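Below is one structure, written out as structure tokens, with a few remarks after it.
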Amino acid sequence: MTEFQNLVYEAAKLIPFGRVATYQDIARKIGRPKATRAVGNALHHNPQMIIIPCHRVVNAQGKLAVHFGYRGLKGQKELLEREGVKVINYQVDLEVYRAASL
DNA sequence: ACAATGACCCAGT
DNA sequence: AACTGGGCCATTG
């Protein structure tokens, strides 16, 4: 477990229930605004798939991660809808659900 | 130390 | 809207 990954996971846990964050938000939160790609990597290697709310993390367009580990796209979609987030065509409205605290 | 890879982003065509 | 190329950063072989 690298230090970078810890930072990413900690940041991910801060995303409130029923809201989402972009890879950029996470990157910015941990002090590496341009490491968005690395953030994606870290989440992919996520050791605690369920514990860490990585399903609340989407790309800059609000699109869900295609290679999501837990039950794929559908899994992430269901997890989000279970929190009251409307997912249209595997995409969420960032203007509405993006966590403001980031 | 170097090259390649990936759940990314942005601008240009 | 779809495709391309360049840039970014951490991890891995």
Side-chain angles (χ1 to χ4, degrees):
Chain A
M1 181 72 61
T2 68
E3 195 56 38
F4 179 78
Q5 295 181 352
N6 270 320
L7 292 172
V8 173
Y9 302 147
E10 288 307 309
K13 290 184 197 168
L14 297 179
I15 308 174
F17 183 93
R19 326 230 64 203
V20 304
T22 68
Y23 292 95
Q24 286 182 119
D25 291 334
I26 304 294
R28 192 151 33 81
K29 183 74 179 176
I30 65 180
R32 291 172 179 72
K34 294 157 198 166
T36 62
R37 202 165 190 173
V39 170
N41 260 326
L43 288 177
H44 180 189
H45 302 119
N46 183 349
Q48 321 253 15
M49 193 63 73
I50 308 301
I51 308 297
I52 299 176
C54 48
H55 56 280
R56 305 203 185 114
V57 183
V58 298
N59 64 22
Q61 308 167 19
K63 273 285 220 177
L64 278 52
V66 186
H67 298 298
F68 193 73
Y70 175 73
R71 299 221 296 154
L73 264 179
K74 296 178 71 175
Q76 185 173 10
K77 180 176 182 289
E78 291 173 6
L79 287 171
L80 286 173
E81 291 181 328
R82 189 178 306 170
E83 300 187 357
V85 177
K86 292 181 184 176
V87 182
I88 288 86
N89 199 347
Y90 297 106
Q91 180 169 347
V92 304
D93 188 342
L94 286 178
E95 293 296 320
V96 177
Y97 298 108
R98 192 179 195 182
S101 58
L102 299 177

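Every value quoted in this text rests on a predicted model; they were computed, and no experiment measured them. Every chain is numbered from 1 and lettered A, B, ... according to where its sequence line falls, protein lines coming before strand lines.
- Atoms SG and CG, from A:Cys54 and A:Asn46 in turn, are 4.5 Å apart once rounded to the nearest 0.5 Å.
- In this structure, A:Asn41 places its CG atom 9 Å from P of B:dG6, rounding to the nearest Å.
- With a heavy-atom cut-off of 4.0 Å to chain A, the contacted part of DNA chain C has its first and last nucleotide at C:dG7 to C:dT11.
- Proximity of a side-chain donor or acceptor of A:Arg82 to a complementary backbone N or O of A:Lys77 within less than 3.5 Å is not detected.
- Closest approach of A:Pro53 and A:Ala12 over heavy atoms only: CG-O, 3.3 Å.
- Side-chain N or O atoms of A:Asn6 include none that pairs as donor or acceptor with a backbone N or O of A:Glu3 at under 3.5 Å.
- Comparing A:Arg37 and A:Arg32, the nucleotide of DNA chain C nearest to each residue sits closer to the 5' end for A:Arg37.
- Rounded to whole Å, the distance from CD1 on A:Ile30 to P on B:dC8 is 15 Å.
- A donor-acceptor pair is defined here as one N or O able to donate and one able to accept, closer than 3.5 Å; no such pair exists between the side chain of A:Gln76 and the backbone of A:Leu64.
- Interatomic distance, CD1 of A:Ile52 versus CD of A:Glu10, reported as 8.0 Å (0.5 Å rounding).
- In this structure, CG of A:Asp25 is placed 13 Å from C1' of B:dC8, rounded to the nearest angstrom.
- Between the NZ atom of A:Lys34 and the C1' atom of B:dC9 there is a distance of 13 Å, rounded to whole Å.
- One finds the CD atom of A:Gln24 at 7.0 Å from the CZ atom of A:Arg98 (value rounded to the nearest 0.5 Å).
- A:Thr2 comes within contact range of the sugar-phosphate backbone alone, with a heavy-atom separation under 4.0 Å but no base atom that close.
- Among the heavy atoms of the strands lying under 4.0 Å from A:Tyr23 is at least one base atom, whether or not backbone atoms are also near.
- Within the 4.0 Å cut-off from OP1 or OP2 of B:dC8, not a single side-chain nitrogen or oxygen of A:Gln61 is found.
- What separates CZ of A:Phe68 from P of B:dC8 is a distance of 13 Å, to the nearest Å.
- Contacts of A:Ala38 with the nucleic acid, taken as non-hydrogen atoms under 4.0 Å apart, include base atoms.
- Residue-level contact check: A:Asn59 touches the backbone only, with heavy atoms under 4.0 Å from sugar-phosphate atoms and none from bases.
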